[in-house]
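What follows is one structure encoded as structure tokens, with my remarks underneath.
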Amino acid sequence: MGGRIWTESMVNMKTLIGPFTQILPLRGMPLHGAISDKQLEVIANGGVLIEDGVIVQTGDFASLRAQYPEAQIEEISGEQVLVPGFIDCHTHICFAGSRAKDYSLRIQGKTYMEITKAGGGIWDSVMQTRQAAATVLTSLLLERAERHFAEGVTTIEVKSGYGLDQANELKQLRAIKAASYLTKADLIPTCLAAHLLPRDFSGTAAAYLNQVQHDLLPVIKAEQLASRVDIFIEENAFDTSVSRDYLVAAQAMGFDVTVHADQFSTGGLALAVALGAASADHLEASAEEEISLIKGSDTVAVVLPGASLGLGMQYAPARKLLDAGACLAIASDWNPGSAPMGDLLMQAAVMSAAEKLGTAEVFAGLTFRAAHALRLTDRGTLSAGMLADMQAYPCSDYRDILYFQGKLKPVKVWKNGKLRSDSDQNHLSIDK
Ligand code: NIG
Ligand code: FE
């Protein structure tokens, strides 16, 4: 009885979630440049009113309850701090196999480039990923996406780039699409067929990119497997000249472009800015000259502390990029080679101590600025009209989140207003 009536009333039902000890809505903050912690809005005893997965209002819990007496209450007990779900705008989590042997060589002193030149590195993961069945790839990706979601990451960009031929790049992108129906997080796919010149391709880099452009990108478009194209601009990968032609062609086909730039040598950031790329990612090698290019640009500077930690190399100059006016996002780069750890919050917190990034800048980089790197306008802050993608930490002061350098994990994670991860596990007990 009443099934239909129940359904209709549920659709229009408002839910008020709270009270939270503090809410950081991250609204009304600048998209570019340095941010002072004084600009952080902190709502004490806050609530979020949600309807159909979207935020209607964020504010004082008691006032919202009085204003919307019809709203169903989702009560929060104990001390919890609410922030927007994190957006990891750069990962390579669709892969099979392990590169533990690369890592053990690196900590004995071999460099990433030496391992690449000797036939290991990315190519090793290509070999292992090509051997994996599509269903295996989907379940490996799903496992990683679910781990990320439980750690507060509600949107995850995922690159191909371990296929490097028509069939295997499509296998990866279809695996990402399949996983997107199964995971609680939103997955944003990117074609990284230009990760490396495949060792089994007999022509030049230009010929390979030409083939990708003419054979692979049209299928990706037709099947709607990705709307973004990435390239690794580096010695031993692709130079700026062939990269320019490829990226311009991809843009002409309607793809957003992004670049693995300035990881070991410069050139990538300059090209990304010149082409109006959505983002330039890595930037460990960027110096004053490159940093100055970012001024006035809408290309998001994405820094990847996980790669610095995994390779034992310097961080990207995040402080200088912000001071130069960059829109700075922080992503995990989670991949089997340079960044196997995949703990986004831990990486951001550790980098912020070294680079002197304030709490507001770190949270901006993990949320609405990362959304801009993906050109997503419907998420990243807890303001009216945004998707209710949110996470709550078991503490009473938002500063605890970075203070514990990643060991304090969210106890609740919501996607589109629905509580999808709820756990008391993993608590770090906080001595007060
Ligand atoms: O972003 N630098 C290029 N690509 C990845 C690493 C991929 C790998 O080593 O498997 C990165 O660090
Ligand atoms: Fe990467």
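As the structure lists them, so they are numbered: ligands from 1, and atoms in each ligand from 1.
- Residues E74 and T15 have side chains that never bring a donor and an acceptor to within less than 3.5 angstrom of each other.
- Close contacts between ligand 1 and H282 involve ligand atoms 1 (O), 2 (N), 11 (C), 12 (O) [criterion: under 4.0 Å to a heavy atom].
- The only member of T116, I115, L164 that meets side-chain contact (heavy atoms from CB on, under 4.5 Å) when paired with W123 is L164.
- Nearest protein heavy-atom contact of atom 4 (N) of ligand 1 is H195 NE2, 2.8 Å.
- Those atoms of ligand 1 with a heavy atom of I122 less than 4.0 angstrom away are 7 (C), 8 (C), 9 (O), 10 (O).
- Within the listing of ligand 1, atoms 8 (C), 9 (O), 10 (O) sit less than 4.0 angstrom from a heavy atom of R99.
- Counted by atom type alone, Q22 and S396 present zero donor-acceptor pairs between their side chains at under 3.5 Å.
- Between R375 and D256 there is no salt bridge, since none of the side-chain N atoms of the basic residue sits less than 4.0 Å from a carboxylate O of the acidic one.
- For ligand 1 and S338, the ligand atoms under 4.0 Å from any heavy atom of the residue are 6 (C), 9 (O), 11 (C), 12 (O).
- When each atom of ligand 1 is checked for a heavy atom of G337 under 4.0 Å away, the hits are 9 (O), 10 (O).
- Looking at E79 and T21, their side chains never bring a donor and an acceptor atom within 3.5 Å of each other.
- Contacts between E234 and ligand 1, counted as non-hydrogen atom pairs separated by less than 4.0 Å, are absent for every part of the residue.
- For H90 and D333, the side-chain atoms include at least one donor-acceptor pair closer than 3.5 Å.
- Contact annotation for A307 and ligand 1: no heavy atom of the residue comes within less than 4.0 Å of the ligand.
- D124 and Q128 share a donor-acceptor pair across their side chains, judged by distance under 3.5 Å alone.
- Using 4.0 Å as the threshold, Y162 has a heavy atom nearer than that to some atom of ligand 1.
- At a cut-off of 3.5 Å, with distance as the only test, a side-chain donor of R228 or T190 sits close to an acceptor on the other residue.
- Inclusion of D333 in the first shell of the Fe ion (ligand 2) is supported: an N, O or S atom falls under 2.8 Å.
- When non-hydrogen atoms are compared, ligand 1 lies under 4.0 Å from the side chain of Y112 (C-beta onward) but not from its backbone.
- The Fe ion (ligand 2) does not have H282 among its coordinating residues (no N/O/S atom, backbone or side chain, under 2.8 Å).
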